[in-house]
Amino acid sequence: MSLLNILLDEKVWIDFYEQKVDPTYFRISDAQELFQYVHEQRYLPVVNRIFSGKGLSVPQKKRIAKSDTSKKRIVYCLPEDETIVLKLLTWLMIRKYDWFLSDNLYSFRPNYGAKDALRKLTSDPEISQYYSYKLDVRNYFNSIDVNLLLPVLKDLFADDVTLYNFIASQLSDPRALDGDIVIEEQKGVMAGMPYAVFFANVFLTQLDRKFKKIQDVVYCRYSDDIIIFAKEKDTLDTAKEKLLNMLAELRLEVNPDKVVETVPSQPWTFLGFECNGQEIDVSKVSVGKIKAKMRRKARSLDRWRREKGKDGWMAARAFIKHFNRKLYTSESNSEVNWSWWYFPMITTEKSLKEIDAYMQDCIRFVATGSRTKSRFNFTYNQMKELGLQSLVNRWFAYKKSLCNN
């Protein structure tokens, strides 16, 4: 039976709802909304349209500002009813075909994750004495060559020709809606589409497998982030050349701004963490990103306070509420909060102290409109009254809860 047929099974939909699905693949912000969707069987018209050969809507192209640069990234999206069907299909594909992937790949998989990747790397007591090379692929999802991907998918889905034909038709269709205009372009696996994460994993699987066999090289991939280690410089250089050649053969372009090489005893970074011997901290780049977000929010609230004649306390409260949500809670089922990502792995509060201090300075600016010494008239106790939560305090509380459990 094709996985597409399973999309008609109400029991599978109920199971999908009850398990609430890994937030990596599931972005519905309100569980009740999904319940209504399943209860009303709103998936039936979508699935029937797929079986009739009409397919899905032309995806809408959107440009979304990146949080740390002025550049924008391109994503593609479908109407919600169609998107939810693709979420379930992706969930089913991941559960059925995960066996195909190599165990040195840690992205968007059951029982794998960024923390597992970091634990694997740091479990080697000599890793800090290795040379390393880290890269990521520029615009990876949208730059995947579908003509190279489809033969891989045809072999993978050899037991489900119906599924392959549907996926091939989706990926081969060059159309996209840019505003109200239908355009044609190369879209790769389309960042933003639910199945993009799975196909992005599949596309580099042969690369993962080949590096698993290379002697004296440690290799780890998380989607388009790849890091390799070797004890000897010559070994690393050889592996690096092989890696770059294989990526070039797949018509992928390395982002030169994100290439990092380290020598023994030098800290190395991966997935937002900096590892220095046995010490794991938030990376300097990640610290810079969260501080940049705080700086932009502070400026925005200061303008709002001045233009609307609002009270400084009100602006400070808004800043604190915004970052309490970003740091400690998820804004939707699709997002993991900042502390959830970092707290389990870091072994020091150094970066947390830096972020705490910067956040307090931003709050003082928002509350007083001043960057002079007079801003210190707004005290830490006043911030706490407005709900400020210290990252350092929350991290120590997290560690204590682990000990108690």
Side-chain angles (χ1 to χ4, degrees), residues 64-70 114-115 118 267 269 271-276 279-308 310-332 334-402:
I64 299 177
K66 292 185 177 181
S67 60
D68 55 327
T69 72
S70 59
K115 299 177 182 66
L118 208 63
T269 63
L271 304 178
F273 296 92
E274 180 177 281
C275 301
N276 189 2
E279 183 179 273
I280 303 174
D281 200 356
V282 183
S283 73
K284 292 178 177 61
V285 171
S286 296
V287 171
K289 286 181 178 181
I290 192 66
K291 287 168 69 174
K293 291 178 181 179
M294 291 177 178
R295 182 168 58 253
R296 287 193 295 272
K297 188 66 174 178
R299 289 173 178 170
S300 174
L301 285 171
D302 180 60
R303 287 193 301 271
W304 172 78
R305 180 182 63 81
R306 293 175 184 276
E307 292 171 2
K308 303 295 184 181
K310 297 295 183 180
D311 181 79
W313 276 66
M314 184 180 295
R317 182 184 290 110
F319 182 97
I320 290 169
K321 182 178 180 181
H322 176 83
F323 281 98
N324 279 350
R325 183 171 63 247
K326 184 170 291 291
L327 295 173
Y328 307 116
T329 63
S330 298
E331 296 181 6
S332 75
S334 69
E335 299 173 353
V336 294
N337 64 64
W338 194 93
S339 60
W340 181 93
W341 183 267
Y342 288 104
F343 279 11
M345 294 306 303
I346 60 175
T347 61
T348 175
E349 71 278 18
K350 290 178 183 177
S351 289
L352 301 184
K353 286 182 177 179
E354 180 181 345
I355 297 168
D356 271 346
Y358 192 82
M359 179 162 52
Q360 291 166 30
D361 206 48
C362 286
I363 295 169
R364 289 190 170 98
F365 168 68
V366 168
T368 66
S370 172
R371 295 196 183 277
T372 66
K373 289 184 179 180
S374 64
R375 71 187 187 279
F376 289 99
N377 292 331
F378 195 78
T379 67
Y380 180 71
N381 284 336
Q382 288 173 315
M383 297 181 205
K384 289 179 64 177
E385 287 179 32
L386 294 177
L388 176 66
Q389 300 180 49
S390 159
L391 275 168
V392 172
N393 292 344
R394 286 288 296 256
W395 181 62
F396 278 112
Y398 168 81
K399 289 179 61 180
K400 184 177 180 181
S401 69
L402 293 181

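All values reported here derive from a predicted model rather than from experimental measurement. Residue indices begin at 1 and follow the sequence shown.
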J.: Side chains of Thr379 and Asn381: donor-acceptor distance under 3.5 Å anywhere?
T.: no

J.: With a 4.5 Å limit on heavy-atom distance, are the side chains of Phe319 and Met383 in contact?
T.: no

J.: With distance as the sole test, does Arg394 use its side chain to make a donor-acceptor pair with the main-chain N or O of Gln389 at under 3.5 Å?
T.: no

J.: Which atoms form the tightest heavy-atom contact between Cys275 and Ile280, and what is the distance?
T.: SG-CG1, 4.2 Å

J.: Are the side chains of Ile363 and Leu388 in touch, meaning some heavy atoms are under 4.5 Å apart?
T.: yes

J.: Could Arg364 and Phe378 be counted as a cation-pi pair, given that NZ or CZ must be under 6.0 Å from the ring centre and within 45° of the axis?
T.: no

J.: Within the 3.5 Å criterion, strictly below it, is a donor on Tyr342 or Ser286 matched to an acceptor on the partner's side chain?
T.: yes

J.: Work out which heavy atom in Ile320 is nearest to a heavy atom in Gly387; give both atom names and the distance.
T.: CG2-C, 3.5 Å

J.: Check Ser339 against Leu327 and note the closest heavy-atom contact, atom names and distance.
T.: OG-O, 2.7 Å

J.: Can you tell me how far apart SG (Cys362) and CZ (Arg299) are? Round to the nearest 0.5 Å.
T.: 9.0 Å

J.: Distance check, rounded to the nearest 0.5 Å: Tyr358 atom OH versus Arg295 atom CZ?
T.: 4.0 Å

J.: With rounding to the nearest 0.5 Å, note down the distance linking CG in Asn324 to CZ in Arg317.
T.: 12.5 Å

J.: Could you pull out the closest heavy-atom pair between Ser283 and Thr269, with the gap in Å?
T.: CB-CG2, 4.2 Å

J.: Check whether any side-chain heavy atom of Trp338 sits under 4.5 Å from a side-chain heavy atom of Leu391, and report yes or no.
T.: yes

J.: Within a strict 4.5 Å, meaning less than it, do heavy atoms of the Ile346 and Leu352 side chains meet?
T.: yes

J.: Passes side-chain contact (heavy atoms from CB on, under 4.5 Å), Lys115 versus Leu118? Steps please.
T.: CA-CA 5 Å; Lys115 299 177 182 66; Leu118 208 63; 5.7 Å; no

J.: Roughly how far, to the nearest 0.5 Å, is the CD atom of Glu349 from the CZ atom of Phe396?
T.: 4.0 Å

J.: Does the side-chain contact (heavy atoms from CB on, under 4.5 Å) test come out yes or no for Ser390 and Tyr380, once each step is laid out?
T.: CA-CA 10 Å; Ser390 159; Tyr380 180 71; 3.9 Å; yes

J.: Can you tell me if Asn276 uses its side chain to pair, donor with acceptor, with the backbone of Glu279 under 3.5 Å?
T.: no

J.: Is the NZ or CZ atom of Lys326 both under 6.0 Å from the centre of the six-membered ring of Trp341 and within 45° of that ring's axis?
T.: no

J.: Within the 3.5 Å criterion, strictly below it, is a donor on Thr348 or Asp281 matched to an acceptor on the partner's side chain?
T.: no

J.: Flag the pair Asp361 and Arg375 as a salt bridge only when some basic side-chain nitrogen lies within less than 4.0 angstrom of an acidic carboxylate oxygen.
T.: yes

J.: Starting at CH2 of Trp395, measure out to NZ of Lys353 and round the result to the nearest 0.5 Å.
T.: 10.0 Å

J.: Can you tell me how far NE2 of His322 sits from CE of Met294, rounded to the nearest 0.5 angstrom?
T.: 9.0 Å

J.: What's the shortest heavy-atom distance between Val366 and Ala316, and which atoms?
T.: CG1-N, 3.5 Å

